[in-house]
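All remarks here apply to the structure that follows.
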Protein chains: 2
Amino acid sequence: MNAVQKNTLRGEALRQKVLDTALQLFSERGFFNTSIHDIRKVAGVSTGAIYHHFKNKEALAQSLYETILGQMDDAIAQACSGKSGCLEKSRAIIEKLFLMTEQYPQQMQFVLLAQHREYLPDEAPICSSSPFRMMKQVIIGGIEKGEVRHLEPWVAATAMFGGALRMMNLQLDGVLDQPLSVYQDAVVECAWLGIRKEQA
Amino acid sequence: MNAVQKNTLRGEALRQKVLDTALQLFSERGFFNTSIHDIRKVAGVSTGAIYHHFKNKEALAQSLYETILGQMDDAIAQACSGKSGCLEKSRAIIEKLFLMTEQYPQQMQFVLLAQHREYLPDEAPICSSSPFRMMKQVIIGGIEKGEVRHLEPWVAATAMFGGALRMMNLQLDGVLDQPLSVYQDAVVECAWLGIRKEQA
DNA sequence: GTCTATAAATGGATAGAC
DNA sequence: GTCTATCCATTTATAGAC
């Protein structure tokens with residue numbers, strides 16, 4: 001009765017089912033602990049169908065990776081739009097990241113915690129990806145406008161977002177007993193006090 | 001001429017050679033991209049010798065993991081000893097971690113960036129390990145002594161050390177063009193300004 | 001486009017000689 | 001304690017029917 005139905009999914013719907021299942025298993029067990037056979041079984045599709053839609057296992061992971069990074073990118077861009085101050089933008093980014101961590105833990109686990117270079121050797125390190133570059137740019141903008149102290153950009157960016165990213169790690173590891181939203185204001189305040197230009 | 005000599009290593013020296021080689025390959029390619037055969041070839045020993053010293057591949061990784069965490073533990077304990085203030089302790093910890101990242105990048109890569117739960121399923125998340133618990137304790141001590149604002153402990157701990165840990169990530173990813181020591185004072189200052197109790 | 005069956009290779013682990 | 005040779009399970013990927 002709980003057996004997965006076969007033959008019901010075709011085309012794009014099947015492709016999506018494979019992606020969903022792969023994300024679930026990759027985030028739970030890791031890329032290397034998930035075989036094509038596992039995905040086949042859980043998704044209730046055939047090996048041939050998987051290989052019809054994806055060149056190989058790496059291409060499957062690549063597709064997931066790009067999609068999720070794109071979603072983070074959109075979310076961050078949207079969070080920043082309409083805001084002008086560095087603090088407002090940074091707060092909005094952290095709010096969005098915390099929200100995504102709560103709402104889509106599998107996606108964030110896969111993108112933030114996996115070591116993609118081990119199976120996507122041509123991929124740049126995640127700190128060079130678009131969402132992370134945007135975060136750094138927000139801080140550089142804050143330095144140029146005199147809202148943020150004149151710090152080395154990497155130092156300022158990691159000071160602003162490093163604590164938040166670690167809190168996301170802790171949440172994904174199941175260490176925190178409250179949702180991230182509870183800690184959000186304090187996290188933003190600590191980071192901002194560290195880099196803001198004193199209004200003496 | 002460059003061929004690895006065989007039969008030269010025995011006993012403890014061979015065991016250590018296997019550990020060194022495994023650490024090198026695990027940190028370069030990852031655990032799952034490193035086969036026993038790879039270790040055998042690079043170390044110049046036999047399969048049988050490896051399995052004489054280690055029950056299996058996981059046990060090899062476990063041994064590395066425990067040794068390196070122990071070294072971090074000792075380094076952090078030593079850094080804190082003789083210091084009483086939260087800022088002094090935190091600065092000493094970050095200094096030591098930065099130094100270890102520069103001096104032993106393979107070890108830090110293996111301990112900080114690998115997803116150990118994928119192959120050491122019984123291992124606690126690294127944030128629960130002794131070195132990380134000590135860092136949190138330093139901050140809790142600072143809160144109790146009134147040096148640090150009354151923040152949720154996880155928030156205060158990630159605010160103090162989150163930026164530094166991300167800088168270590170960046171250095172291990174080859175993104176920074178200066179050694180970590182160059183950024184150290186600024187990293188510590190940013191973090192401390194965020195959590196210190198104002199001396200108004 | 002999806003299926004089953006299977007090829008081909010890899011890799012963890014063991015056996016038994018030395 | 002170390003070696004070589006090999007077993008066996010797993011897994012990626014393909015072939016060919018439907």
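Just so it is clear: chains get the letters A, B, ... in the order the sequence lines come, proteins before strands, and each one is counted from 1. Everything numeric here is computed off the predicted structure, so don't read it as measured data.
The separation between A:Asp38 atom CG and D:dA13 atom P is 14 Å, rounded to whole Å. Here D:dT11 presents its P atom at 13 Å from CG of A:Leu25, a figure rounded to the nearest Å. Here the C1' atom of nucleotide D:dT6 and the CZ atom of B:Arg40 are 13 Å apart, to the nearest Å. One can place CD1 of B:Ile36 at 14 Å from P of D:dC3, the figure rounded to the nearest angstrom. Between A:Leu9 atom CG and C:dT2 atom P there is a gap of 9 Å when expressed in whole angstrom units. Look at CZ on A:Arg10: it is 6 Å from C1' on C:dT2, rounded to the nearest Å. A straight line from NZ of A:Lys41 to P of C:dC3 spans 16 Å, rounded to a whole angstrom. Taking atom CZ of B:Phe32 as the reference point, atom C1' of D:dT10 lies 14 Å away to the nearest angstrom.
If you chain together hydrophobic residues whose side chains sit under 4.5 Å apart, A:Val155 and A:Leu193 never meet in one group.
To the nearest 0.5 Å, atom CD1 of residue A:Ile126 and atom CZ of residue A:Arg117 are 11.0 Å apart.
Within residues 52-64 of chain B, the residues having any heavy atom closer than 4.0 Å to DNA chain C are, in order of number, B:Asn56, B:Lys57.
Mapping A:His37 and B:Gly48 onto DNA chain D via the closest heavy atom, the residue that lands nearer the 5' end is B:Gly48.
No side-chain heavy atom of B:Val188 sits under 4.5 Å from any side-chain heavy atom of B:Ser90. A heavy-atom distance below 4.5 Å is not found between the side chains of A:Leu69 and A:Asp73.
Under the salt bridge (Lys or Arg N to Asp or Glu O under 4.0 Å) criterion, no residue pair touches residues 124-136 of chain B, with sequence neighbours excluded.
Between B:Phe31 and B:Tyr119, the two ring planes are parallel [angle under 30°; tilted spans 30° to 60°]. Relative orientation of the A:Phe110 and A:His116 rings is perpendicular, given thresholds of 30° and 60° on the angle between their planes.
Comparing atom distances between the B:Tyr51 side chain and each of D:dA13, D:dT11, C:dG12 picks out C:dG12 as nearest.
Contact annotation: B:Ser46 does not reach the phosphate of D:dT2 (side-chain N/O to OP1 or OP2, under 4.0 Å).
Checking side-chain atoms of B:Lys145 against main-chain N and O of B:Ile140 turns up no donor-acceptor pair under 3.5 Å.
Using a cutoff of 4.0 Å between basic side-chain nitrogens and carboxylate oxygens, A:Arg29 and A:Asp38 are scored as salt-bridged.
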Between the protein and nucleotides 6-9 of chain C, which nitrogen or oxygen pairs are less than 3.5 angstrom apart?
none

